[in-house]
Amino acid sequence: MPSRNPLNRPLADGIRQLGFRKWYERELMSSHAHMTLAILAAVAMLASFEAFQGASPADKLVNTGFVVASAGIALWSLRRYLFLLMHAEEMANQANCPSCTAYGQLKLQDDPAVRPAPGMVPVCCKRCGFRWTLNDG
């Protein structure tokens, strides 16, 4: 699993500081920014291929470097896009209160007696107060 981007808050911090819905929105916006980068890198790679025609051997070597670099950026950003999108969707699928079925109206449990397992985020419903954990592993 790729490491988290420091600009994307972990789920527990995001719920605490922003609320679940804002965290989810920012996670989706970040993932779509990575998709945009993947598209731009793919266009740059195609442009570098186009520059091969009629180029000198030195220019072809430089263009090869551009093709490799833009392909690497495109693959990395596509992978990051898919990771962020799937993570946000996985958390959204768990954000319905099992008791009252309210979506996304949850807050972080600040009870020091609750010590969840690693990768588990204890939350409670703002509407009915039901407590459960989200699996962020």
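Asp59 pairs by the side chain to side chain donor-acceptor pair (under 3.5 Å) definition with Ser56, not counting sequence neighbours. A search for side chain to side chain donor-acceptor pair (under 3.5 Å) contacts involving Arg127 returns nothing, not counting sequence neighbours. With sequence neighbours excluded, the residues that form a side-chain contact (heavy atoms from CB on, under 4.5 Å) with Ala44 are Ser70. Among residues two or more places apart in sequence or in another chain, the side chain to side chain donor-acceptor pair (under 3.5 Å) test is passed with Asn135 by none. In this structure Glu89 satisfies the side chain to side chain donor-acceptor pair (under 3.5 Å) test together with Tyr24, sequence neighbours excluded. Judged as a side-chain contact (heavy atoms from CB on, under 4.5 Å), and not counting sequence neighbours, the contacts of Ala38 are Ser77, Leu78.
Leu40 belongs to no hydrophobic cluster, as no Ile, Leu, Val, Met, Phe, Trp or Tyr side chain comes under 4.5 Å of its own. Think of Trp76 as one node in a network of Ile, Leu, Val, Met, Phe, Trp and Tyr side chains linked at under 4.5 Å; its network also takes in Leu37, Ile73. Other residues sharing the hydrophobic cluster of Phe66, ordered by chain and number and joined by side-chain separations under 4.5 Å: Val62.
Across every non-hydrogen atom of Cys97 and Cys128, the tightest pair is SG-SG, 3.6 Å. The shortest heavy-atom contact between Val67 and Ser48 is CG2-CB, 3.4 Å. Shown here for Ala55 and Lys60, the closest heavy-atom pair between the two residues is O-CE, 3.4 Å. Listed here is the closest heavy atom pair of Gly129 and Cys124: O-CB, 4.2 Å. Across Val123 and Gln109, no two heavy atoms sit closer than the pair O-NE2, 2.8 Å.
Side-chain heavy atoms closer than 4.5 Å link hydrophobic residues (I, L, V, M, F, W, Y) into clusters, and following such links, possibly through other members, connects Leu11 to Leu82. Under the 4.5 Å side-chain heavy-atom criterion for Ile, Leu, Val, Met, Phe, Trp and Tyr, Phe20 and Met86 are members of the same hydrophobic cluster. Under the 4.5 Å side-chain heavy-atom criterion for Ile, Leu, Val, Met, Phe, Trp and Tyr, Leu84 and Met29 are members of distinct hydrophobic clusters. Hydrophobic cluster membership differs between Phe49 and Val68, with clusters built from Ile, Leu, Val, Met, Phe, Trp and Tyr side chains linked at under 4.5 angstrom.
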- Message: Does His34 form a side-chain contact (heavy atoms from CB on, under 4.5 Å) with Ser30? I'd like the steps, not just the answer.
- Response: CA-CA 6 Å; His34 282 86; Ser30 179; 3.8 Å; yes

- Candidate pair Leu134 and Met120, rule side-chain contact (heavy atoms from CB on, under 4.5 Å), full reasoning: CA-CA 6 Å; Leu134 300 178; Met120 303 300 278; over 6 Å; no

- Query: What's the verdict on side-chain contact (heavy atoms from CB on, under 4.5 Å) for Trp132 and Phe130, showing C-alpha distance, side-chain angles and the deciding distance?
  - Reply: CA-CA 7 Å; Trp132 76 100; Phe130 184 80; 3.6 Å; yes

- Item | Verdict with reasoning, Gln94 to Thr133, per side-chain contact (heavy atoms from CB on, under 4.5 Å) | CA-CA 9 Å; Gln94 299 176 47; Thr133 57; over 6 Å; no

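Evaluation of the side-chain hydrogen bond (donor to acceptor under 3.5 Å, both in side chains) test over residues 95-108, restricted to residues two or more places apart or in two chains, returns none.
Using a 4.5 Å heavy-atom cutoff, the side chains of Leu106 and Cys125 are not in contact.
At least one donor-acceptor pair closer than 3.5 Å links the side chain of His32 to the backbone N or O of Leu28.
A distance of 15.5 Å separates CZ of Arg80 from CG of Leu75, quoted to the nearest 0.5 Å.
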